[in-house]
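Accompanying notes for the structure given below.
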Amino acid sequence: PSILCLYHRESGKLEEEVSDMLANMECYDRLSGGHASGGEYLMEAEWYFNRGDFEDAEISYHKAVNRAQTAENHSILLCTMFLQIRLAFIRGDAGAMLAIMENMRRQIGETSEYQALQMVEICKMAFYAYLDQTVNLSEILNPAEGQGIKLRFFTLPVFNIVCGRIMLNGGEYLKLIGSADQFLSVAAFFPNLLGTIYTYIYLAAANSRIFREKEARESLQKALELALPDQLLMPFVENCDYIAPLLRDLSGRR
């Protein structure tokens, strides 16, 4: 449900990546019959959002919605609704978050597209994670009836981003540290740089909670080195409840 997570590849090149999407998506749309209509504006909106520029994020969001609705592109519409939830969270509007989530379930549920329905499940997990709720991952991944969530490989980085936050919320710090190598391996495959940034943030948070301060600082420094050239601030903001003391510590050491 994140175009930015899917296509951001190299630190310091995000603006160029967004420009390439804006310049070339029209050609791809013609070749694919509108397969990704609105995706270029959605990536732009996510770029603005992650820089903390919420006004421009919402402007680009509306551009993406208009293009996706015209092409009846349910996958992009789902991604726009996920961004809309995040914008509502920033405004502190829990009622809007609930309404958007319900609208997502209804609209995407009507399409009966398997992959889209799986994305709704990820969005639902993220919804609870943003609200600091715990989610039983074992029930999602390995339910009793054997119908666990099954994702394409390129979706795993954003899924791992959500899982990492859920592990933090549940106090599963050792499990998170033990899962980090797998998260990093998945994120490095294409690569999906946002997945790497979040994983290092989670490693910093988890190590700090078990008083491994050296490892925590090193992990957070890696995340900052990858994120700051593109001004990707929101991954740190979203997890400031865990890493604020570490950020202050690193700032004092410069």
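Keep in mind it's a predicted model, so treat the numbers as computed, not measured.
- Contact of the Val18 side chain with the Leu22 side chain is registered, since non-hydrogen atoms from C-beta on lie closer than 4.5 Å.
- Transitive grouping of hydrophobic side chains (ILVMFWY, heavy atoms separated by less than 4.5 Å) brings Leu6 and Val120 into a common cluster.
- Counting heavy atoms from C-beta outward, Phe183 and Leu176 have side chains that approach closer than 4.5 Å.
- Tyr128 has its side chain out of reach of Ile166: every pair of non-hydrogen atoms, C-beta onward, lies at least 4.5 Å apart.
- Criterion: ILVMFWY side-chain heavy atoms under 4.5 Å apart, direct or through other members. Under it, Val237 and Leu226 are part of a common hydrophobic cluster.
- Nearest approach of Asp230 to Arg51, heavy atoms of both residues: O-CG, 3.9 Å.
- Ala129 and Asn169 get closest at one heavy-atom pair: O-ND2, 3.3 Å.
- A distance-only check finds a donor-acceptor pair linking the side chain of Asn73 to the backbone of Ser75 [under 3.5 Å].
- Linking ILVMFWY side-chain heavy atoms closer than 4.5 Å, directly or via other members, places Leu194 and Leu14 in a single hydrophobic cluster.
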Inset, instruction - Let me see the working for Leu220 and Leu203 under side-chain contact (heavy atoms from CB on, under 4.5 Å), right down to the final yes or no. - result: CA-CA 8 Å; Leu220 191 57; Leu203 267 175; over 6 Å; no
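- Here CD1 of Ile210 is found 3.5 Å from CD1 of Ile177. Values are rounded to the nearest 0.5 Å.
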Would you give me the side-chain donor-acceptor pairs under 3.5 Å for residues 36-44, sequence neighbours excluded?
from: Ser37; atom 1: OG; to: Asp29; atom 2: OD2; distance (Å): 3.2
from: Ser37; atom 1: OG; to: Gly34; atom 2: O; distance (Å): 3.3
from: Glu40; atom 1: OE1; to: Gly38; atom 2: N; distance (Å): 3.4
from: Glu40; atom 1: OE2; to: Arg67; atom 2: NH1; distance (Å): 3.0
from: Glu44; atom 1: OE1; to: Ser60; atom 2: OG; distance (Å): 2.8

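- The distance from the CD1 atom of Ile90 to the CD1 atom of Ile85 is 13.0 Å, given to the nearest 0.5 Å.
- Ion pairing of Glu215 with Arg212 is absent here, as no side-chain N (NZ or NE/NH1/NH2) approaches a carboxylate O to less than 4.0 Å.
- Across all non-hydrogen atoms, the minimal contact from Ala187 to Thr196 is CB-OG1, 3.5 Å.
- Closest of all the heavy-atom pairs between Asn103 and Met81 is ND2-SD, 3.9 Å.
- Both Tyr242 and Val162 are assigned to one and the same hydrophobic cluster, defined by single-linkage of ILVMFWY side chains at heavy-atom distances under 4.5 Å.
- A side-chain donor-acceptor contact under 3.5 Å links Thr199 to the backbone of Gly195.
- With hydrophobic clusters built from ILVMFWY side chains whose heavy atoms lie under 4.5 angstrom apart, Ile3 does not share a cluster with Ile59.
- In this structure Tyr130 satisfies the ring-ring contact (aromatic ring centres under 6.0 Å, His included) test together with Phe89, sequence neighbours excluded.
- Qualifying ring-ring contact (aromatic ring centres under 6.0 Å, His included) partners for Phe54, counting only residues two or more places apart in sequence or in other chains: Phe49.
- Atom CZ of Arg91 is surrounded by more than 12 heavy atoms from other residues, nucleotides or ligands within 6.0 Å.
- In this structure, CG in Asp20 is found 10.5 Å from CE in Met25, a value given to the nearest 0.5 Å.
- Distance check, rounded to the nearest 0.5 Å: CZ of Arg86 to CE of Met97 gives 10.5 Å.
- When Ile201, Leu247, Ile197, Leu232 are each tested for a side chain to side chain contact (heavy atoms under 4.5 Å, CB included) with Leu224, only one passes: Leu247.
- Glu46 and Ser2 are linked by a side-chain donor-acceptor pair at a separation below 3.5 angstrom, with hydrogens and angles left out of the test.
- For Phe211, the ring-ring contact (aromatic ring centres under 6.0 Å, His included) criterion is met by no residue, not counting sequence neighbours.
- Within a 6.0 Å radius of CD in Glu15, no more than 12 heavy atoms belonging to other residues, nucleotides or ligands are found.
- Applying the ring-ring contact (aromatic ring centres under 6.0 Å, His included) rule to Phe189 yields the partners Phe153; only residues at least two apart in sequence or on another chain are considered.
- For the pair Thr80 (side chain) and Leu77 (backbone), a donor-acceptor distance under 3.5 Å is present.
- The two residues Asn192 and Cys5 have their closest heavy-atom pair at ND2-O, 3.0 Å.
- For the atom pair Leu78 CG and Arg105 CZ, the distance stands at 12.0 Å (nearest 0.5 Å).
- Taking a cutoff of 4.0 Å between a charged side-chain nitrogen and a carboxylate oxygen, Glu225 and Lys222 do not qualify as a salt bridge.
- Judged by distance alone, the side chains of Glu17 and Tyr7 never bring a donor and an acceptor atom under 3.5 Å apart.
- The two residues His8 and Glu10 come nearest to each other via the heavy atoms CE1-O, 3.2 Å.
- Around the CD atom of Glu213, the shell of radius 6.0 Å holds more than 12 heavy atoms that belong to other residues, nucleotides or ligands.
- In this structure, the separation between CE on Met101 and CZ on Phe82 is 9.0 Å, given to the nearest 0.5 Å.
- Ion pairing between a basic and an acidic side chain is recognised when a charged N comes within 4.0 Å of a carboxylate O; Arg106 and Glu102 show no such pairing.
- Every pair passing side-chain hydrogen bond (donor to acceptor under 3.5 Å, both in side chains) that includes a residue from residues 200-211 is listed here, sequence neighbours excluded: Tyr173-Arg209.
- The closest donor-acceptor contact from the side chain of Asn66 to the backbone of His62 lies under 3.5 Å.
- A salt bridge between Asp241 and Arg165 is present, with a side-chain N of the basic residue lying under 4.0 Å from a carboxylate O of the acidic one.
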